[in-house]
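Encoded as C-alpha coordinates, the structure appears first; notes follow it.
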Amino acid sequence: QVQLVESGGGLVQAGGSLRLSCAASGRTLSSTVVGWFRQAPGKEREFVAAITRNGDTLHYADYVKGRFTISRDNAKNTVYLQMNNLTPEDTAVYYCAAFPRTIGALTTTQYNYWGQGTQVTVSS
(Lines give C-alpha, C1' and ligand atoms only; values in the text may rest on other atoms or scores of the structure.)
Protein backbone atom coordinates (compact mmCIF):
# COMPACT_ATOMS: atom_id res chain seq x y z
CA GLN A 1 0.00 0.00 0.00
CA VAL A 2 1.08 3.55 -0.62
CA GLN A 3 -0.53 6.76 0.53
CA LEU A 4 -0.14 9.87 -1.60
CA VAL A 5 -0.75 13.39 -0.35
CA GLU A 6 -0.79 16.39 -2.66
CA SER A 7 -0.15 19.92 -1.47
CA GLY A 8 0.67 23.34 -2.86
CA GLY A 9 -2.57 24.21 -4.57
CA GLY A 10 -4.28 27.54 -4.20
CA LEU A 11 -5.60 30.63 -5.90
CA VAL A 12 -3.30 32.46 -8.31
CA GLN A 13 -3.72 35.09 -10.99
CA ALA A 14 -3.23 34.31 -14.64
CA GLY A 15 0.45 34.30 -15.49
CA GLY A 16 1.40 33.20 -11.99
CA SER A 17 3.09 30.07 -10.74
CA LEU A 18 2.49 27.29 -8.25
CA ARG A 19 4.48 24.25 -7.23
CA LEU A 20 2.58 21.14 -6.29
CA SER A 21 4.07 18.39 -4.17
CA CYS A 22 3.12 14.73 -3.97
CA ALA A 23 4.46 13.07 -0.83
CA ALA A 24 4.29 9.34 -0.36
CA SER A 25 4.25 7.03 2.62
CA GLY A 26 4.03 3.30 2.91
CA ARG A 27 6.22 2.53 -0.10
CA THR A 28 9.05 4.29 -1.80
CA LEU A 29 8.22 6.27 -4.92
CA SER A 30 11.65 5.50 -6.33
CA SER A 31 10.30 2.15 -7.52
CA THR A 32 7.54 3.58 -9.69
CA VAL A 33 6.49 5.97 -12.38
CA VAL A 34 4.51 8.88 -10.92
CA GLY A 35 1.95 10.85 -12.84
CA TRP A 36 0.05 14.09 -12.38
CA PHE A 37 -3.52 14.41 -13.59
CA ARG A 38 -6.21 17.05 -13.30
CA GLN A 39 -9.96 17.21 -13.35
CA ALA A 40 -11.99 20.32 -13.98
CA PRO A 41 -15.69 20.52 -13.04
CA GLY A 42 -17.82 18.60 -15.50
CA LYS A 43 -14.81 17.16 -17.31
CA GLU A 44 -13.00 13.86 -17.26
CA ARG A 45 -9.72 13.45 -15.46
CA GLU A 46 -6.88 14.15 -17.87
CA PHE A 47 -3.18 13.48 -18.00
CA VAL A 48 -0.77 16.30 -17.21
CA ALA A 49 2.72 14.84 -16.77
CA ALA A 50 4.62 11.72 -15.74
CA ILE A 51 8.14 10.92 -14.64
CA THR A 52 9.97 7.62 -14.71
CA ARG A 53 11.60 6.01 -11.68
CA ASN A 54 14.98 7.67 -11.97
CA GLY A 55 13.66 10.82 -13.62
CA ASP A 56 15.39 10.27 -16.95
CA THR A 57 12.20 10.32 -19.00
CA LEU A 58 9.46 12.90 -18.71
CA HIS A 59 6.10 12.94 -20.42
CA TYR A 60 3.88 16.00 -20.83
CA ALA A 61 0.48 16.69 -22.25
CA ASP A 62 0.66 19.13 -25.15
CA TYR A 63 -1.40 21.72 -23.30
CA VAL A 64 1.17 22.07 -20.50
CA LYS A 65 4.38 21.50 -22.45
CA GLY A 66 6.78 24.38 -21.97
CA ARG A 67 4.90 25.68 -18.91
CA PHE A 68 4.90 22.78 -16.44
CA THR A 69 7.87 20.79 -15.17
CA ILE A 70 7.69 17.48 -13.33
CA SER A 71 10.55 16.43 -11.10
CA ARG A 72 11.25 14.08 -8.25
CA ASP A 73 13.36 13.85 -5.12
CA ASN A 74 13.58 10.18 -4.27
CA ALA A 75 15.42 10.94 -1.03
CA LYS A 76 12.33 12.86 0.12
CA ASN A 77 9.92 10.39 -1.47
CA THR A 78 8.28 13.32 -3.20
CA VAL A 79 7.36 14.30 -6.75
CA TYR A 80 6.79 17.90 -7.78
CA LEU A 81 4.91 19.74 -10.47
CA GLN A 82 6.14 23.25 -11.15
CA MET A 83 3.45 25.19 -12.98
CA ASN A 84 4.34 28.48 -14.65
CA ASN A 85 2.40 30.92 -16.79
CA LEU A 86 -0.89 29.57 -15.49
CA THR A 87 -4.12 30.32 -17.32
CA PRO A 88 -7.77 30.03 -16.18
CA GLU A 89 -7.97 26.86 -18.30
CA ASP A 90 -5.56 25.24 -15.83
CA THR A 91 -8.15 25.51 -13.05
CA ALA A 92 -8.83 22.01 -11.75
CA VAL A 93 -8.23 19.57 -8.95
CA TYR A 94 -4.75 18.13 -9.43
CA TYR A 95 -4.00 14.54 -8.48
CA CYS A 96 -0.83 12.53 -8.31
CA ALA A 97 -0.83 8.82 -9.01
CA ALA A 98 1.65 6.00 -8.64
CA PHE A 99 2.19 2.44 -9.85
CA PRO A 100 0.61 2.37 -13.29
CA ARG A 101 -1.02 -0.96 -14.04
CA THR A 102 1.03 -1.44 -17.20
CA ILE A 103 4.03 0.32 -18.66
CA GLY A 104 1.86 1.52 -21.49
CA ALA A 105 -0.55 3.21 -19.09
CA LEU A 106 1.68 6.13 -18.09
CA THR A 107 -0.54 8.76 -19.68
CA THR A 108 -3.85 7.13 -18.79
CA THR A 109 -5.75 6.96 -15.52
CA GLN A 110 -4.83 3.30 -15.08
CA TYR A 111 -2.80 3.77 -11.91
CA ASN A 112 -3.20 1.76 -8.73
CA TYR A 113 -2.80 4.57 -6.21
CA TRP A 114 -4.14 8.11 -6.13
CA GLY A 115 -3.93 11.05 -3.80
CA GLN A 116 -6.94 13.04 -2.65
CA GLY A 117 -6.17 15.99 -4.89
CA THR A 118 -5.35 19.66 -4.41
CA GLN A 119 -7.37 22.52 -5.87
CA VAL A 120 -5.73 24.94 -8.27
CA THR A 121 -7.72 28.01 -9.22
CA VAL A 122 -6.42 30.54 -11.72
CA SER A 123 -8.23 33.86 -11.94
CA SER A 124 -8.25 36.01 -15.05
Side-chain angles (χ1 to χ4, degrees):
Q1 284 285 348
V2 61
Q3 292 77 43
L4 303 173
V5 178
E6 302 94 336
S7 61
L11 174 64
V12 64
Q13 289 188 335
S17 299
L18 286 173
R19 188 177 83 153
L20 306 183
S21 298
C22 172
S25 61
R27 287 176 71 175
T28 175
L29 286 184
S30 63
S31 61
T32 178
V33 169
V34 176
W36 281 99
F37 293 77
R38 67 187 186 186
Q39 188 166 18
K43 295 187 177 181
E44 293 188 350
R45 194 168 297 188
E46 63 182 11
F47 171 74
V48 174
I51 185 168
T52 51
R53 289 181 295 177
N54 58 5
D56 61 348
T57 303
L58 311 177
H59 303 268
Y60 294 99
D62 287 344
Y63 35 81
V64 305
K65 208 171 284 186
R67 301 187 299 123
F68 290 13
T69 303
I70 189 171
S71 62
R72 67 191 304 158
D73 185 339
N74 286 339
K76 295 183 178 180
N77 217 24
T78 301
V79 173
Y80 304 97
L81 185 68
Q82 177 67 43
M83 306 187 297
N84 298 329
N85 195 20
L86 286 160
T87 73
E89 290 69 36
D90 295 316
T91 295
V93 178
Y94 283 71
Y95 300 88
C96 65
F99 295 95
R101 293 175 189 172
T102 68
I103 195 63
L106 302 186
T107 62
T108 75
T109 57
Q110 298 303 306
Y111 282 71
N112 284 308
Y113 299 102
W114 291 85
Q116 83 290 346
T118 186
Q119 176 71 47
V120 171
T121 303
V122 184
S123 63
S124 57

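For this chain, numbers begin at 1 and follow the sequence in order. Computation of the quantities below employed the complete heavy-atom set of this structure, encompassing side-chain atoms and omitting hydrogens, waters and symmetry-equivalent molecules.
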| Within-4.5 Å side-chain heavy-atom neighbours: V79 and I70 | yes
| field | In one Ile/Leu/Val/Met/Phe/Trp/Tyr side-chain cluster, 4.5 Å: V34, V93 | value | no
| query | Closest heavy-atom contact between W114 and T109? | reply | CZ2-O, 3.3 Å
| Is a side-chain N or O of T32 found less than 3.5 angstrom from the main chain of F99, in a donor-acceptor match? | yes
| With side chains defined as the heavy atoms from C-beta onward, is the minimum distance between L20 and M83 less than 4.5 Å? | yes
| task | Kindly write out the residues that satisfy salt bridge (charged side-chain N to carboxylate O under 4.0 Å, His left out) with K76, not counting sequence neighbours, or none if the list is empty. | result | none
| task | Take E89 and Y63 through the side chain to side chain contact (heavy atoms under 4.5 Å, CB included) test and state the conclusion after the steps. | result | CA-CA 10 Å; E89 290 69 36; Y63 35 81; over 6 Å; no
| query | Angle class for the F68/Y94 ring planes (parallel below 30°, perpendicular above 60°, tilted otherwise)? | reply | tilted
| Under the 3.5 angstrom rule, does the side chain of T52 hit a backbone N or O of T57 as a donor-acceptor pair? | yes
| request: Work out which heavy atom in L81 is nearest to a heavy atom in A49; give both atom names and the distance. | output: CD1-CB, 4.2 Å
| Does atom CZ of R53 have more than 12 heavy-atom neighbours from other groups under 6.0 Å away? | no
| Minimal non-hydrogen separation, V33 against A50, with atom names | CG1-CB, 4.4 Å
| Donor-acceptor pair, Y113 side chain versus P100 backbone, under 3.5 Å? | no
| message | Could you measure the distance from the OG1 atom of T121 to the CD atom of Q13? Nearest 0.5 Å is fine. | response | 13.0 Å
| query | Are any non-hydrogen side-chain atoms of Y60 and T69 less than 4.5 angstrom apart? | reply | yes
| said: Tell me if a side-chain donor or acceptor on R67 pairs with a main-chain N or O of N85 at a distance below 3.5 Å. | reply: yes
| Least distance between heavy atoms, W36 atom then C22 atom | CZ2-CB, 3.6 Å
| said: Looking at F37, I'd like to know if the NZ or CZ of R45 sits under 6.0 Å from its six-membered ring centre while staying within 45 degrees of the ring's axis. | reply: no
| message | side chain to side chain contact (heavy atoms under 4.5 Å, CB included), that's the test. Do T78 and L29 meet it? Break it down for me. | response | CA-CA 7 Å; T78 301; L29 286 184; 5.9 Å; no
| Shared ILVMFWY cluster between Y111 and L4, side chains joined below 4.5 angstrom? | no
| message | Whether the side chain of T91 engages the backbone of P88 through a donor-acceptor N/O pair (distance < 3.5 Å, no angle test) should be reported. | response | yes
| Under 3.5 Å donor-acceptor, N74 side chain and S31 backbone | no
| query | For L18 and G8, which heavy atoms make the closest approach, and how far apart are they? | reply | CD2-O, 3.8 Å
| remark: So CD1 of I51 and CG of L106: to nearest 0.5 Å the spacing works out to 11.5 Å
| field | With D56 via salt bridge (charged side-chain N to carboxylate O under 4.0 Å, His left out) - residues at least two apart | value | none
| query | Checking E6 side chain against C96 main chain: does a donor-acceptor pair fall under 3.5 Å? | reply | yes
| What heavy-atom pair brings Q1 and R27 nearest, and what distance separates the two atoms? | O-CG, 3.3 Å
| query | Would you call R38 and E46 a side-chain contact if the rule is heavy atoms closer than 4.5 Å? | reply | yes
